[in-house]
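When a residue number appears, it is its place in the shown sequence, counting from 1. Computation of the quantities below employed the complete heavy-atom set of this structure, encompassing side-chain atoms and omitting hydrogens, waters and symmetry-equivalent molecules.
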Amino acid sequence: MQMLLHEHAVNARREREGRAPVTGIWPWGGGVAMPAQSSITAAIYAPPGRPGDIARGIAMRSPIAFGGTPARLDTLAAEADSIVVLPPVAGPHALAALAGAWFAPAVTALERGVVAEVALLADDGDRAFTWIARAPGWATRLRARFASAAFVPPVAGDGDR
């Protein structure tokens, strides 16, 4: 705090006047928590246990709706932003199931403009990864129709490429 106040204009004036400089601030009282916004239209979905602990904690401290992880993307409320914690992927078959229930429908929803953005957060136990996709413009969608292949989950043994 002293470094921030050292050359402040108020301190320069106080020193010219022969007064002691302000060298600190005494915070007290702790403040008051603001009431939660009641107009939030969001929902958090997470499985029971450790994978969903943080999501449940966020939901408990806010007016955000909370529930268990649904089986498919198309069961989410369309009018609400959603945070979905999916169970850990336990092999290629589980990844293929997630692709069919979540990833492919998310791409379709982006392409159709049903959702504006999809963010995917994942980890491998040591590192965290983020992937964010936004709804493409009409020209990008048109090019993609003729150029892209459907999402295909990797197969065990493919290795890193």
Side-chain angles (χ1 to χ4, degrees), residues 1 3-4 25-161:
M1 192 58 67
M3 294 306 294
L4 292 173
I25 296 176
W26 183 280
W28 65 278
V32 177
M34 297 298 293
Q37 296 280 344
S38 61
S39 62
I40 295 175
T41 56
I44 295 178
Y45 303 94
R50 194 174 170 114
D53 285 349
I54 292 175
R56 274 191 303 284
I58 292 169
M60 289 171 51
R61 299 286 299 163
S62 68
I64 296 174
F66 179 76
T69 303
R72 302 186 54 81
L73 176 73
D74 57 10
T75 61
L76 298 178
E79 66 278 355
D81 289 338
S82 298
I83 297 171
V84 180
V85 179
L86 297 171
V89 178
H93 297 295
L95 182 59
L98 281 176
W102 291 93
F103 305 151
V107 169
T108 300
L110 279 170
E111 288 174 344
R112 292 183 179 159
V114 175
V115 298
E117 180 178 284
V118 173
L120 174 66
L121 301 145
D123 74 270
D124 67 359
D126 294 323
R127 298 166 293 177
F129 306 94
T130 304
W131 174 75
I132 298 174
R134 291 180 179 83
W138 69 269
T140 304
R141 287 194 313 267
L142 184 61
R143 279 192 304 273
R145 285 263 183 243
F146 296 106
S148 69
F151 173 77
V152 178
V155 178
D158 276 353
D160 294 334
R161 294 181 191 194

Correct closest heavy-atom pair for Pro70 and Leu76 would be CG-CD2, 3.6 Å
Rounded to the nearest 0.5 Å, how far does CG of Leu98 lie from CZ of Arg72?
11.0 Å
For Ile44 and Ala55, work out which heavy atoms get closest and say how close.
CG2-CB, 3.5 Å
Pairs under 3.5 angstrom only: tabulate donor-acceptor contacts from the side chains of residues 99-110 to other protein residues two or more places apart or in another chain.
unit_1: Trp102; atom_1: NE1; unit_2: Ala71; atom_2: O; d: 3.4
unit_1: Thr108; atom_1: OG1; unit_2: Ala104; atom_2: O; d: 3.1

Hey, does the side chain of Thr69 reach the backbone of Leu86 with a donor-acceptor pair shorter than 3.5 angstrom?
no
Carboxylate-amine/guanidinium contact Asp53 Arg56, below 4.0 Å
yes
Below 3.5 Å, can you tabulate the donor-acceptor pairs from side chains in residues 116-123 to any protein atom, sequence neighbours excluded?
unit_1: Glu117; atom_1: OE1; unit_2: Arg134; atom_2: NE; d: 3.0
unit_1: Glu117; atom_1: OE1; unit_2: Arg134; atom_2: NH2; d: 3.4
unit_1: Asp123; atom_1: OD2; unit_2: Gly125; atom_2: N; d: 2.8

Within this structure, what is the CD1-CD1 distance for the pair Ile83 and Ile54, rounded to the nearest 0.5 Å?
11.5 Å
Salt bridge (Lys or Arg N to Asp or Glu O under 4.0 Å) against Arg127, all qualifying residues, sequence neighbours excluded:
Asp124
Determine the minimum heavy-atom distance between Gly68 and Tyr45, stating which atoms define it.
O-CD2, 3.5 Å
